[in-house]
Structure formats: structure tokens, C-alpha cells
Protein chains: 2
Amino acid sequence: MALTPDRRFSIPTIRRLPGYYACLEHAAAQGIAAISSTTIAGHLNLDPIMVRKDLESIGAAGRPKIGFNVAELLAVIKEFMGWGRLDELIIAGCGDLGAALMGYKGFPRRGFRIVAGFDRDPVLEGVTIHGIQIFPMEKMANLIARLHIEIGLIAVPAKAAQQVADQMITGGVRGIWNFSSAALKVPARVIVQQEDLTASLVILQKNLLKETVPS
Amino acid sequence: MALTPDRRFSIPTIRRLPGYYACLEHAAAQGIAAISSTTIAGHLNLDPIMVRKDLESIGAAGRPKIGFNVAELLAVIKEFMGWGRLDELIIAGCGDLGAALMGYKGFPRRGFRIVAGFDRDPVLEGVTIHGIQIFPMEKMANLIARLHIEIGLIAVPAKAAQQVADQMITGGVRGIWNFSSAALKVPARVIVQQEDLTASLVILQKNLLKETVPS
DNA sequence: TAGATTGTTAATCGATTAACAATC
DNA sequence: TAGATTGTTAATCGATTAACAATC
């Protein structure tokens, strides 16, 4: 039996794609039809070879001397990133961070829709934030199951995160995007993507430090 | 002249450290004095060897048979991540996302303080969000210079991002944490850390997909 | 002591960079 | 055609994983 081609995608590549996309949108807005990997790389401070490798890995093809067709490339990235499809999410925790995520325009623009919010606080029950209704936490598992939601966002304090995760898993999510600092215990079949904004900030800081004190 | 030891830190390591920290805090709360790399790894679904390597790279030492001293390890991570120091930031764009970042409790807990917000909208002028005052955009460069701010957060729409970045650089920031999707053009000495939340979401999605269709 | 666990050295793996032939 | 740019194959680099000796 032939092995599935094992569609290999690398996480660094995925992280760079939004940059390429922004760059291409910019070019498209100026009516540019074709763009070279060198030009893209120049805008983003990257190696042109890396750009070509990334694009090749997602199935884009360019033409020697000409470069890559802008419209075509936008379409390929959009397809690969799944920005055409619509994916529904739910969010637990509608405090500051949760409310911001509910209103974050990047999600709908990229095909992600938060269909419901959940919060422990009874004051928020029935309230609508950015057009999304908030329900009591007890209803979460049931709603996840009924709507076949696959991904849940956790934006509750660290102390409550494990319990919330358990309820999400009971409902049937397969992936959790965890904005709390808690280290979640989940069954192997469930995937947790940890998001720690302070880590990003520290990386930036350390890079500044490196700049200041070169070896 | 001796080379500076070229303190090598790897970005993946930095991304994992908050997880270790959370795990250690949990252990500390239970009164556990020492913990093995295997235990930490088990909680976070990682390889114990990787945990040891990470800890070694930031200068932590354990003892055979015993493991790592919890309190000591917490201190080493805190020191390495710079969570003890206080670092001041400013933010441009006080809309949904900006306001959320201004209220994000993870920052003060980790020694980051947003000292001022800036927004184009005159309605917001003088308004205080989460205790942080908002100023008109025109005052940004001057305030950055006066307070010697080194890092600026950009949470404005993509279209306005470049102009805002230029003003930050005029003021003298050395690092920009860019939450907009715009590909910023900056001088070589300025470092941009791009944050694209939808990229994280796509990575989670792709991992779910991989789970479903194993080769 | 015996066994568990660290610390270190080597092997593997994957991502980035380089070299260069193919081609429009 | 000549030159620029892609696509591909090889080399390098860094991070992860493995093996094992040191040690409490």
C-alpha cells in the first residue's frame, strides 16, 4: 500500500506565510502582476531562497525571469491556510482578553468565527459582545457537542483553566487554544496550542540585547 | 580579545520556559521541594531530555536522584526571562485589541508595564483604559524620546501601521511588536516581532488534520 | 549498595543556506 | 541572445533525540 505523501508542512513556514500574503496584497493593490522571490524577501528581511522554498512547499510555482503571479500566489496561500473555509470556534472566559478576541477582526477576515462565549460570571449571562452571545459555563459542553465545534479558546484565569478544558473535552473539542498560563492535562487525542504573549515579548527583548552586546 | 561567551539562547527554549514555570508554580503550591525533568516533561508532554537541555542552557543545575530544586528553578527562570525587572512599553492603537493588551494581566505580572496609549481618534484623547492614559498620536514620538521607551506595540489597522511605526522609530524605539498584518519597512537597527494570531490558529488546525489522516 | 536521575557526548533530524543547472 | 530568476540538489547549521557515564 502506498504511503500517503505525508504532506509535510513546517511550522516556521506557516508563521511566515501571513507576511508573504500581506506583501502580495500590497503589490496587488498597486496593480503589480508578477513578483520575484527576491522582492518579497527584501520587503520582509528574509532570504530569497527561503521564500522560494516556502512557496514551493505549499505548491506554488513561479516562472524564471518573470517571478510569481501575484493573484495566483494569493490564492495558493489562502487555500493552504484555509482562509477560504469557515471554521467555528467557541471561547471560554469573556473578560478583557476574551472580549478582545471576540472582537478581533483578524478572525472573521480569515474565516474563523467565534459562535458563542462562555463565562462563569452570572452578570454576563445573555450579554452580547461584538455580536457574540455569552452563556453560562454549564452550557458549554452541550453546545460544543450540538454544533460539532472542534476548537475551543481558553481565556480564563490560570486557576480555572483545567476545569474549563475538561468541560470542553467532554463536549468533544479536539483542539484547545490556551491563552492562560496553566499547563493543561488533556488526553493524547486532544491537541493544546499554548499561547504565551509574554514569551513573544521576551524574545523581542533578548534580540534587542543581542543587538546591543555583539560578540 | 576574548569573545563574549555568545550567550546562546534558542527561541524554542524561550517558548517552552513559561510552561515549565507554570508547572513549577503548581508543584510549589503543593509544597513539593524537588522535581525531576521526567515529571515536568510528563505534565507538558515533552521529552525529559529536552527539559534537561533547556534548563541546562539557562544555567540551572539539578542533582542526580533528587531532581531540580523547585524554588531555585523558579528563580532561575524568572531571572532568565527578566520577569523581575520592570520594562516600560507604549502602545499605538487603543481599539479592541489595543484595549485588551492594555488590560492584559499577564504583562504586569511579568514585569511589563504599558505606560501610555496613543490613538488617532480624538474621542479617546485623555481617556483612561485600565489605568493607562490615551494621548493623540502626534505626541507619541516625543513621549518615547522623553521616557526612553525601547519597545512599542502596534495594534492599529494594517493601513496605518507603517506610518505609526515610522513615528515610533523617530521617537527612538529599538523594537516593535507588531499585531497588525502589515509588513513593516524599518531600518536594520530596529527589530520587528510580528504577531499573527491567525497563524497560531492555523497551526492548531493543521495539527488536528494530521491527527485525522495519519500516513 | 542499588537504582534513579542528572549531565555530557554523539547521532539524528529538520530547517536554512549555498551552489548551480534549467528556463523564460 | 543574454541575463534574471526559478527549481533542485547538496552543504551547513541548529535543535531534538539517543546513549551512557557520573553521581547522589
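The sequence lines fix the lettering, A, B, ..., with proteins before strands; numbering per chain opens at 1.
- Looking at heavy-atom distances under 4.0 Å, A:R52 makes contact with a base.
- The CG atom of B:L55 sits 9 Å away from the P atom of C:dT6 (whole-angstrom rounding).
- With hydrogens and angles ignored, the 3.5 Å screen pairs no side-chain donor or acceptor of A:E150 with any backbone N or O of A:G175.
- Put simply, CD1 on B:I49 is 12 Å from C1' on C:dA11, counting in whole angstrom units.
- Shown for residues 24-43 of chain B: residues whose heavy atoms fall under 4.0 angstrom of DNA chain C, namely B:S36, B:S37.
- Considering only the side chain of A:R16, C:dT16 comes nearest among C:dT16, C:dT5, C:dA18.
- When the P atom of D:dT6 is taken as reference, atom CZ of A:R63 falls 12 Å away, rounded to whole Å.
- Between B:N45 atom CG and D:dT16 atom P the separation is 16 Å, expressed in whole Å.
- Environment of NZ in A:K105: sparse, with no more than 12 heavy atoms of neighbouring residues, nucleotides or ligands closer than 6.0 Å.
- If you look at A:F112 and A:W83, their ring centroids are not closer than 6.0 Å.
- Atom P of nucleotide C:dA10 and atom NZ of B:K53 are separated by 11 Å, given to the nearest angstrom.
- The main-chain N or O of B:C94 is found under 3.5 Å from a side-chain atom of B:D119 such that the two form a donor-acceptor pair.
- Mapping A:P64 and A:D47 onto DNA chain C by nearest heavy atom places A:D47 at the nucleotide closer to the 5' end.
- Rounded to a whole Å, the CD1 atom of A:I14 is 14 Å from the C1' atom of C:dA15.
- Side chains of B:Y20 and B:D54: a donor-acceptor N/O pair is present below 3.5 angstrom, by distance only.
- Expressed to the nearest 0.5 Å, how far CD1 of B:I91 lies from CZ of B:F107 amounts to 8.0 Å.
- Counting to the nearest Å, the P atom of D:dG14 and the CE atom of B:M50 are 18 Å from each other.
- More than 12 heavy atoms of other residues, nucleotides or ligands sit less than 6.0 Å from atom CZ of B:R15.
- Under the Watson-Crick and G-U wobble criteria, each requiring two contacts below 3.5 Å, nucleotide C:dA21 is paired to D:dT6.
- Residue whose closest nucleotide on DNA chain C sits further toward the 5' end, between A:P12 and B:E56: B:E56.
- Regarding B:K65, its NZ atom lies at a distance of 13 Å from the P atom of C:dA2, rounded to whole Å.
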